[in-house]
Amino acid sequence: MHDTQVRVSALQRSVAAALAAVRFGFEEEYDEPRTGYSLDLALPSSRIAIEVDGPTHFLLPDGRGVRKPNGHTLLKRRLLAAAGWRVISVPFFAWDGLRSAGERQAYLEWVVASQ
C-alpha cells in the first residue's frame, strides 16, 4: 500500500470557506468507501458531494468557448451517483466570475438547493 497525500487547492479552500458560511456539516476530503474516491466536500448524512473542479477536470474549450468535463471527471460523477450521491460541480470558471463573498455564498446556496 502506498501513502497518498491530498493537496487542497486554493480554489477548494475558497469554496469550502464560503460553504461553511451558508451550510454547516460539510466535511473536506471525505473518503467515500463504496467507490474509493475522495470527495472534495461532502455532507454524508444527506449524501451530497460538492466537487471543486479546476482546469484539469475539463477539456480545452470548443469552438464556442464551452469547456466540457473530461473522461475522468465524468466517470467519477457517474460512479458517485450510482453509489447514491448527489454530485454538485463547482467549476473554476463559474467560481472565478464571482467577485464578492456574498455572490459566492449565494451561488453555493443556489447550487445546493437546485440540484
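Throughout, residue positions are numbered sequentially from 1 according to the sequence presented.
Residues Val66 and Trp95 are members of separate hydrophobic clusters, defined by side-chain heavy-atom contacts under 4.5 angstrom among Ile, Leu, Val, Met, Phe, Trp and Tyr. By the criterion of side-chain heavy atoms lying less than 4.5 angstrom apart, applied directly or through intervening Ile, Leu, Val, Met, Phe, Trp or Tyr residues, Phe58 is not grouped with Leu60; the two fall into different hydrophobic clusters. If you chain together hydrophobic residues whose side chains sit under 4.5 Å apart, Leu39 and Leu74 never meet in one group. Both Val22 and Val15 are assigned to one and the same hydrophobic cluster, defined by single-linkage of ILVMFWY side chains at heavy-atom distances under 4.5 Å. Each of Leu19 and Phe24 belongs to its own hydrophobic cluster when Ile, Leu, Val, Met, Phe, Trp and Tyr are linked at side-chain heavy-atom distances under 4.5 angstrom.
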Q.
Run Leu59 and Arg67 through side-chain contact (heavy atoms from CB on, under 4.5 Å) and show every step you take.
A. CA-CA 6 Å; Leu59 301 172; Arg67 296 191 72 145; over 6 Å; no
Q: Apply side-chain contact (heavy atoms from CB on, under 4.5 Å) to the pair Val8 and Glu29, showing each step before the final yes or no.
A: CA-CA 8 Å; Val8 177; Glu29 295 306 325; 4.1 Å; yes
Q.
Apply side-chain contact (heavy atoms from CB on, under 4.5 Å) to residues Glu51 and Lys76 and explain how you reach the verdict.
A. CA-CA 10 Å; Glu51 287 296 297; Lys76 182 176 182 180; 2.8 Å; yes
Q: Evaluate the side-chain contact (heavy atoms from CB on, under 4.5 Å) criterion for residues Ser45 and Leu43: first the C-alpha distance (whole Å), next the side-chain angles of each, then the deciding distance (0.1 Å), finally the verdict.
A: CA-CA 6 Å; Ser45 61; Leu43 187 58; 4.0 Å; yes
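Aromatic ring centres of Trp85 and Tyr30 lie closer together than 6.0 Å.
Between Gly97 and Glu103, the closest heavy-atom pair is O-OE1, 4.4 Å. Residues Arg104 and Ala18 share a closest heavy-atom pair of CB-CB, 4.3 Å. For the pair Leu41 and Phe26, the tightest heavy-atom approach, listed with the atom from each and the gap, is C-CD2, 4.0 Å.
When side chains are defined from C-beta on, Val90 does not count as touching Leu11, because their heavy atoms never get closer than 4.5 Å. Between Leu108 and Ile88 there is no side-chain heavy-atom pair separated by less than 4.5 Å.
Taking CD from Gln12 and CG from Asp53, the interatomic distance works out to 10.0 Å, rounded to the nearest 0.5 Å. Residue Ser89 holds its OG atom at 9.5 Å from CG of Asp40, rounded to the nearest 0.5 Å. Distance check: Asn70 CG to His57 NE2 gives 7.5 Å after rounding to the nearest 0.5 Å.
Under the 3.5 Å distance criterion, the side-chain polar atoms of Ser46 are left unmatched by any main-chain donor or acceptor of Ile48. Of the possible polar contacts, none joining the Thr35 side chain to the Leu80 backbone as a donor-acceptor pair under 3.5 Å is found. Side-chain atoms of Arg34 do not come within 3.5 Å of backbone N or O of Leu79 as any donor-acceptor pair.
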